[in-house]
2 protein chains.
Amino acid sequence: MKTSSRRARARRYPDDRGAPPAAKRGRPRSRLTITDIARLAGVSKKTVSRVINRAPYVQADTRARIEAIIAEHGYQPDPQARGLAFRRSFLVGLIHDNPNPQYVENIQLGILDSLAGRGYELVIRPCDRRGPGFLEDMRGFVERLRLFGVVLIPSVSEDDRLAKLLESADCPYVRIACASVDKPQRMVLTHDARGAAAAARRLAELGHRRIAYLSGPPLFRSAHERGAGFIAGLAEYGLELAPDLAVLGAYTYESGLARGRELLARPDRPTAIFAGNDEMATGVYSAAHELGIRIPQDLSVIGFDDAPIATRIWPAMTSVRLPVREMGRTAAEGLFATPKAAAAKAPVAEFTPSLIERESTAPPPRARPTRS
Amino acid sequence: MKTSSRRARARRYPDDRGAPPAAKRGRPRSRLTITDIARLAGVSKKTVSRVINRAPYVQADTRARIEAIIAEHGYQPDPQARGLAFRRSFLVGLIHDNPNPQYVENIQLGILDSLAGRGYELVIRPCDRRGPGFLEDMRGFVERLRLFGVVLIPSVSEDDRLAKLLESADCPYVRIACASVDKPQRMVLTHDARGAAAAARRLAELGHRRIAYLSGPPLFRSAHERGAGFIAGLAEYGLELAPDLAVLGAYTYESGLARGRELLARPDRPTAIFAGNDEMATGVYSAAHELGIRIPQDLSVIGFDDAPIATRIWPAMTSVRLPVREMGRTAAEGLFATPKAAAAKAPVAEFTPSLIERESTAPPPRARPTRS
DNA sequence: GCGTCTATGGTAACCGGTAGCATAACCGTG
DNA sequence: CACGGTTATGCTACCGGTTACCATAGACGC
């Protein structure tokens, strides 16, 4: 009877379609649990739990013995069980809509640098902040996963609706964004303006006077920030950005190519172009090649990001670099800050870009640099 | 007494340092649970569970009523609790050591295409298969997380030790790798050889005879595969790859630049170079620029991967394309295959690359193509 | 010697789900 | 109309941890 009953059970769910495969998979062979460790050590689960969580009230030798047993058996507490009890998962989310894979990858690596060895994992979540149901999606994501924390990178890091949502969902977060923030917030700041100013100074020093700025799209705060910094840098040399030499791109190669063609086809074309990012600067390179304009002899170009492509095109491009991986690491570290520090809403860290000089800049044709 | 006892308790962990912040965080306000839904619907937890898991033996109207209540309240079952009971998490891992961020990003996006709406999440795990403790790390990772499945991409996808480990850990996996496999396995196959053969045919048709192959490092199976395909393609036109024109690179820009310089400095330099990937092909571009060798008039170049850089350098590069995002999606789909299909160990899918012709190929100098 | 405090460890309940089994209702059939 | 088989549903234990609360053993002060 027992047997036949079991056999009947084996044929479960006769009309089952679409049940999660997880439910059908064979059981993995069971591993050691906290109960096993407690039994091996001759103590209670509670004591082992104290050791795992580094809680006090465990004798030093007891602690050492338990730790030895844990190490010997390679025991790893189950994050799902711990998370269930803690009402918090051991997952850190990266929410992003950044079109630059190199940037995203470096952020990921930086976050993982910080997570390594802590027992937390990184969950990736791309998004479209202008898509329908964006906020609902995000809410579902963070609530369902009970994320330990979230890192946001541009441009979604500039979306205050999302920040507000994360707060209401009680999900800690750190934003990476450039420095023009009105109120104190929990973020990793990048001083894009300073990098852009450095680019402006360098072009001014080389003697350029007709200098163009190829801006990123207004959706990105960095576009404004870099533009403002560039203008400020020029002003230090008594230069102004002529209105007709400030043109709007989209942070894409294609927009750089199109705007580059237009700028360089003018009779009084600029002798230098500062592009809001390397993608657009690369487009300017192509436009120059098409028109037979030599870089850097006829045209100086500076980009922003110091993407790998900056050294892969010819001539190697001068660009502005941010320590992206380090920024990712720092942002993740910020999630582990003490509650007090987190409540302070102060910036987690600030980064200033550096100008990496290569072969795409030179004095303008028929002109002499003001100094070296 | 009671009160003072509680107050004493509030000062818990007086010398606590290093306890997981999760344990210290305030509790998120509690959400709806399956018990709440059951109460609202006037049924038992078990019945709600059946609805969630699409199990049979629930009356259609009961099911509809429960689904309506779930939708109305935006209830989402807790993946940690489900995972604990299932002994399986709802996480899919991507284990990778691929140096190409564009490739990795597209794989990620493809996997996420497949996971979207299924309630599974993507966890990223870079690795170094030659580092110390590689296998132990991986074992700890997959066992601790009880991963639902893992996607592997080159070159770690070619590591049989890891495949064996995943099997012994009862962790389903799908590998993306090129087609030269000896035994049938659960993988997404890419016919890199066919793409390389197409490149060879094209160069032969244009009339090239002195053709070089710049190989990737032996660690990558794709390097052999592409080389073999290229040689086979040449053979169709009665051509051979001269031993001195097969050189070894490292899939990096720098190696492409160095090998390119050497190849192009020879008195009898090749009129065409097929590089194992776009990074190296870009290095060849730079070497040609340095030496004043024009592309494509003096030198034809074909790369592999169709990376974004292929269209951003000048002249736009002919390259071989694989549908990377689609491959990632397909690999993830493979994890959801029925147990029967999974046990079959048959390939999940196969992809053949296509040759994307751009401006970096032309007939050799002072020669006439054999046909169009 | 006794009450109080501190250090330590045990027990039961719980986190939010799922699995096994019992049971009731329904169905057609001999 | 009793009966076996199928469908629908609920009860209870359990997944692997953590917490609340309690019990006990020494140390200490009077």
Side-chain angles (χ1 to χ4, degrees), chain A residues 1-2 4-6 8-15 19-20 22-24 27-28 30-38 41-53 55-63 66 75-90 144 146, chain B residues 1-2 4-6 8-15 19-20 22-24 27-28 30-38 41-53 55-63 66 75-90 144 146:
Chain A
M1 277 295 91
K2 197 82 179 171
S4 83
S5 158
R6 276 210 187 119
R9 278 290 152 210
R11 193 180 59 78
R12 285 187 11 247
Y13 296 173
D15 61 350
K24 296 177 170 181
R27 288 277 178 272
S30 63
R31 305 166 341 194
L32 251 52
T33 71
I34 197 173
T35 311
D36 300 318
I37 300 296
V43 297
S44 71
K45 283 166 60 177
K46 172 67 184 178
T47 304
V48 179
S49 174
R50 283 200 178 99
V51 170
I52 292 171
N53 292 297
Y57 303 142
V58 180
Q59 270 185 347
D61 59 338
T62 305
R63 184 183 298 269
I66 293 173
Y75 165 71
Q76 305 187 93
D78 186 325
Q80 299 198 111
R82 297 225 293 159
L84 182 58
F86 277 137
R87 296 171 180 79
R88 248 326 159 196
S89 75
F90 289 83
R144 176 160 39 82
R146 296 180 189 270
Chain B
M1 280 298 90
K2 197 80 178 174
S4 84
S5 156
R6 279 211 184 119
R9 278 288 155 215
R11 193 183 57 78
R12 283 185 13 246
Y13 297 175
D15 61 349
K24 296 177 167 179
R27 289 276 180 277
S30 64
R31 304 166 342 193
L32 251 51
T33 72
I34 197 173
T35 310
D36 299 319
I37 301 296
V43 299
S44 72
K45 282 165 60 177
K46 175 68 181 176
T47 301
V48 178
S49 173
R50 286 198 177 97
V51 171
I52 292 170
N53 292 298
Y57 302 140
V58 180
Q59 270 186 348
D61 59 337
T62 306
R63 187 182 296 271
I66 294 173
Y75 165 71
Q76 304 188 94
D78 185 326
Q80 300 200 110
R82 295 224 293 159
L84 182 57
F86 277 137
R87 295 172 182 78
R88 245 335 154 188
S89 75
F90 289 83
R144 176 160 39 82
R146 298 180 188 269

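Note on naming: letters A, B, ... go to the chains in the order of the sequence lines (proteins, then strands), and numbering restarts at 1 for each one.
Listed nucleotides: C/dG9, D/dA8, C/dG17. Nearest to the side chain of A/T62: C/dG9. The side chain of B/D78 sits closest to C/dG17 out of D/dT9, C/dG17, D/dG17. Candidate nucleotides C/dT18, D/dA8, D/dT19 were compared by shortest atom distance to the side chain of A/F86, and D/dT19 ranks first. Nearest nucleotide to the side chain of A/V58, out of C/dG9, C/dT18, D/dT9: C/dG9. With D/dG16, C/dG16, D/dT9 as the choices, the nucleotide that has an atom nearest any side-chain atom of B/Y57 turns out to be D/dT9.
Legend: residues meeting side chain to side chain donor-acceptor pair (under 3.5 Å) with B/T62, ordered by chain and number and at least two apart, are absent.
Between the CG atom of A/N53 and the P atom of D/dT18 there is a distance of 5 Å, given to the nearest Å. Atom CG of B/L32 is separated from atom P of C/dC15 by 14 Å (rounded to the nearest Å). Summarising the geometry, the separation between CZ on B/R146 and P on D/dC15 is reported as 11 Å, rounded to the nearest angstrom. Between the P atom of D/dC15 and the CZ atom of A/R31 lies a distance of 14 Å, rounded to the nearest Å. Distance, A/I34 CD1 to C/dG9 P: 14 Å, rounded to whole Å. A straight line from CD of A/Q59 to C1' of D/dA27 spans 14 Å, rounded to a whole angstrom. In this structure, the CD1 atom of B/I37 is 17 Å from the C1' atom of C/dT18, given to the nearest Å. Distance, B/R144 CZ to D/dG16 P: 17 Å, rounded to whole Å.
Overall, the helix from C/dG1-D/dC30 to C/dG30-D/dC1 carries an axis bend of 50° between its ends, with five pairs at each end and the value rounded to 10°.
The CZ atom of A/R88 sits 14.5 Å away from atom CZ of A/R82, with the distance rounded to the nearest 0.5 Å. Residue B/S49 holds its OG atom at 13.0 Å from CD1 of B/I37, rounded to the nearest 0.5 Å. The distance from the OH atom of A/Y75 to the CD1 atom of A/I34 is 4.5 Å, given to the nearest 0.5 Å. Atom CZ of residue A/F90 and atom CD of residue B/Q80 lie 8.0 Å apart, to the nearest 0.5 angstrom.
Taking for each of B/A81 and B/R63 the nucleotide of DNA chain D with the nearest heavy atom, the 5'-most of the two is the partner of B/R63. The 5' end of DNA chain D is approached more closely, in terms of each residue's nearest nucleotide, by B/D61 than by the other of B/L84 and B/D61.
Using a 4.0 Å cut-off, no side-chain N or O of B/R87 falls inside it from OP1 or OP2 of D/dC15. Under 4.0 angstrom from either OP1 or OP2 of C/dG17 there lies at least one side-chain N or O belonging to B/Y75. In this model, the phosphate group of D/dG16 is not approached by any side-chain N or O of A/Q80 to a distance below 4.0 Å at OP1 or OP2.
The side chain to side chain contact (heavy atoms under 4.5 Å, CB included) test with B/I66 is passed by exactly one of B/V43, B/I52, B/D61: B/V43.
Among all heavy-atom pairs drawn from A/A38 and A/K45, the shortest one is CB-N, 3.7 Å. What you find for A/R31 and A/D36 is that their closest heavy atoms are O-OD2, 4.0 Å. A pairwise comparison of heavy atoms in B/R144 and A/P79 identifies O-CD, 3.2 Å as the closest pair.
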N/O-N/O pairs, protein side and nucleotides 10-12 of chain D side, under 3.5 Å:
| residue | atom | partner | partner atom | Å |
| --- | --- | --- | --- | --- |
| D/dG10 | OP2 | B/S44 | N | 2.8 |
| D/dG10 | OP2 | B/S44 | OG | 3.0 |
| D/dG10 | OP2 | B/T47 | OG1 | 2.6 |
| D/dG10 | O6 | B/R50 | NH2 | 3.1 |

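Side chains of A/D78 and B/R146 form a contact here, defined as non-hydrogen atoms less than 4.5 Å apart.
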